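Reviewing the structure listed below.
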2 protein chains.
Amino acid sequence: MARLSDIIEDFIKSLLKHSEGELQLQRNELAEYFECAPSQINYVLATRFSLDRGYYIESRRGGGGFIRIVQLDLDKDDYLLYLINSRIGKSISEQETKDIVTNIMEKGIISDREAAIIKIGLADKTILMPANLRGTIRANILKAMLVAILRARS
Amino acid sequence: MARLSDIIEDFIKSLLKHSEGELQLQRNELAEYFECAPSQINYVLATRFSLDRGYYIESRRGGGGFIRIVQLDLDKDDYLLYLINSRIGKSISEQETKDIVTNIMEKGIISDREAAIIKIGLADKTILMPANLRGTIRANILKAMLVAILRARS
DNA sequence: ATATAATAAAGGTCAAAGATAGTCAAAATA
DNA sequence: TATTTTGACTATCTTTGACCTTTATTATAT
């Protein structure tokens with residue numbers, strides 16, 4: 001028996017195909033269509049449309065609320081993708097971050113100013129948290145920012 | 001399904017475009033035009049034409065009363081300093097951050113891509129910490145990034 | 001004519017109700 | 001055991017309406 005989550009995944013992917021990699025839908029509507037709990041939609045999004053898999057989710061609550069799924073334009077040997085999926089991991093130090101950011105600047109992927117913004121924002125001095133948390137926070141933010149760069153390129 | 005508040009927002013913005021950044025209107029008239037409660041106009045003004053978004057509202061009650069919406073045009077460096085030294089403070093929400101960042105983008109202080117990097121990096125979803133810490137972390141990072149922008153320009 | 005009181009004509013505030021989406025952990029299933 | 005499904009509870013955003021405040025105009029008294 002095919003799992004419902006997989007069916008929903010396929011459904012969303014077929015919608016994405018017909019909409020140029022960007023799609024907006026309503027959680028409750030979709031849940032009703034598949035006769036499942038609304039939170040199952042969140043489960044599908046979290047497990048099948050994660051950053052690691054090349055998707056980015058935005059949403060809004062309240063009247064007229066929605067969920068937007070953006071399919072990132074993935075080039076298999078994209079260096080940014082490697083950073084996001086393999087290099088950065090769960091936690092990263094300030095020095096490693098600086099090295100990575102300087103590197104993508106030198107490659108011409110980001111500007112001097114973008115590099116400066118990211119480096120100062122993710123410095124130890126800026127993230128005033130216990131060291132163990134700091135590395136995690138930094139990794140999450142850095143990965144998210146690289147996604148923004150990936151997205152802005154196409 | 002489209003939010004009425006967004007429609008009213010767009011309407012006001014199109015009026016502003018044709019009137020050089022300053023506009024006077026009557027609350028009840030507008031409410032009647034959109035068939036909504038007059039207080040919804042206040043809601044739109046408060047959420048879409050806030051200071052953070054670069055607008056200033058004046059009004060007057062009684063006979064001949066009006067609401068005036070002024071699109072602010074500020075000195076870039078002064079505004080950045082104001083944000084860093086007064087506006088942001090110890091903690092700031094995701095929505096306020098988005099408003100501010102969108103505003104400085106519209107003013108030409110940062111690029112689209114820089115705005116996207118900052119907004120995605122400082123989203124609730126990115127900083128996965130208890131809500132109280134999140135606001136503090138965000139405020140510190142945002143201020144640091146604005147400093148980088150201030151330094152990199154001029 | 002002048003001061004004052006009543007009325008009308010705006011706009012403001014706030015909280016409740018309505019509309020979505022998110023989280024988390026227990027229960028079910030593979 | 002790991003993954004999936006469900007549901008109770010939470011968070012956020014929008015819409016509405018009852019009640020409040022301010023300003024202008026008109027009526028009244030002196």
Side-chain angles (χ1 to χ4, degrees), chain A residues 1-12 23-53 55-70, chain B residues 1-12 23-50 52-53 56-70 91-99 102 123-135 138:
Chain A
M1 209 56 236
R3 278 166 311 216
L4 180 54
S5 287
D6 290 340
I7 296 170
I8 296 175
E9 174 185 3
D10 291 346
F11 180 76
I12 292 175
L23 165 64
Q24 199 166 299
L25 49 81
Q26 295 206 264
R27 189 182 75 152
N28 289 343
E29 213 172 68
L30 196 58
E32 210 163 306
Y33 181 73
F34 285 105
E35 290 171 315
C36 66
S39 55
Q40 180 151 14
I41 306 302
N42 297 88
Y43 177 73
V44 171
L45 294 175
T47 56
R48 272 79 162 168
F49 295 88
S50 60
L51 269 192
D52 289 352
R53 296 191 182 208
Y55 298 90
Y56 171 65
I57 310 288
E58 290 176 296
S59 68
R60 191 145 165 199
R61 310 184 198 197
F66 61 83
I67 294 175
R68 186 186 351 247
I69 304 167
V70 180
Chain B
M1 201 106 59
R3 281 177 231 95
L4 179 54
S5 288
D6 288 344
I7 295 170
I8 297 175
E9 173 186 1
D10 291 346
F11 180 77
I12 293 175
L23 166 63
Q24 200 165 299
L25 49 81
Q26 294 208 262
R27 188 181 76 152
N28 289 341
E29 211 172 70
L30 197 57
E32 210 162 306
Y33 181 72
F34 285 106
E35 290 171 316
C36 66
S39 55
Q40 181 151 14
I41 306 301
N42 297 86
Y43 176 72
V44 171
L45 294 175
T47 56
R48 319 296 215 258
F49 295 88
S50 61
D52 284 344
R53 291 193 182 203
Y56 174 64
I57 309 290
E58 290 176 295
S59 67
R60 193 148 171 197
R61 311 185 196 195
F66 61 84
I67 293 175
R68 178 179 305 135
I69 304 168
V70 181
S91 177
I92 192 167
S93 73
E94 172 174 357
Q95 188 56 60
E96 290 170 307
T97 301
K98 280 186 179 169
D99 287 350
T102 300
D124 280 352
K125 258 195 344 216
T126 303
I127 309 175
L128 12 85
M129 290 281 126
N132 55 328
L133 283 183
R134 239 183 335 192
R138 181 160 36 227

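Letters A, B, ... mirror the listed sequences (proteins, then strands); counts begin at 1. All of these numbers come straight from a predicted model, not from anything done at the bench.
Pairs engaging residues 36-52 of chain A under the salt bridge (Lys or Arg N to Asp or Glu O under 4.0 Å) rule: Asp6(A)-Arg48(A), Glu9(A)-Arg48(A) [sequence neighbours left out]. Sorted by first then second residue, the salt bridge (Lys or Arg N to Asp or Glu O under 4.0 Å) pairs that include residues 33-47 of chain A, not counting sequence neighbours, number zero.
Ile41(A) has its CD1 atom 13 Å from the C1' atom of dT6(D), to the nearest Å. Straight-line distance from the CD atom of Glu35(A) to the P atom of dG7(D): 13 Å, rounded to whole Å. If you measure from atom CD of Gln95(B) to atom C1' of dA11(D), you get 14 Å, rounded to the nearest angstrom. Rounded to whole angstrom, the span from the CG atom of Asp124(B) across to the C1' atom of dT23(C) amounts to 13 Å. If you take CZ of Arg68(A) and C1' of dT20(C), they are 15 Å apart, rounded to a whole angstrom.
Ser39(B) contributes no side-chain N or O that, together with a main-chain N or O of Asn42(B), makes up a donor-acceptor pair within less than 3.5 Å. A donor-acceptor pair is defined here as one N or O able to donate and one able to accept, closer than 3.5 Å; such a pair exists between the side chain of Glu96(B) and the backbone of Ser93(B).
With ring centers used as reference points, Phe49(A) lies 6.0 Å or more from Tyr56(A).
Evaluation of the side chain to side chain contact (heavy atoms under 4.5 Å, CB included) rule for Asp10(A) yields no partner, not counting sequence neighbours. Qualifying side-chain hydrogen bond (donor to acceptor under 3.5 Å, both in side chains) partners for Arg68(A), counting only residues two or more places apart in sequence or in other chains: Gln24(A), Glu58(A).
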Give me, pair by pair, the N or O atoms of the protein and of nucleotides 1-4 of chain D that are less than 3.5 Å apart, along with how far apart they are.
residue: dT4(D); atom: OP1; partner: Arg48(A); partner atom: NH2; Å: 3.2
residue: dT4(D); atom: OP2; partner: Tyr43(A); partner atom: OH; Å: 2.3
residue: dT4(D); atom: OP2; partner: Arg48(A); partner atom: NH1; Å: 3.3
residue: dT4(D); atom: O5'; partner: Tyr43(A); partner atom: OH; Å: 3.2

Heavy-atom protein contacts under 4.0 Å, nucleotides 3-18 of chain C, coded B base, S sugar-phosphate only, - none = ------BBBBBB----
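Side-chain contact annotation: Asp99(B) with Gln95(B), donor-acceptor N/O pair under 3.5 Å present.
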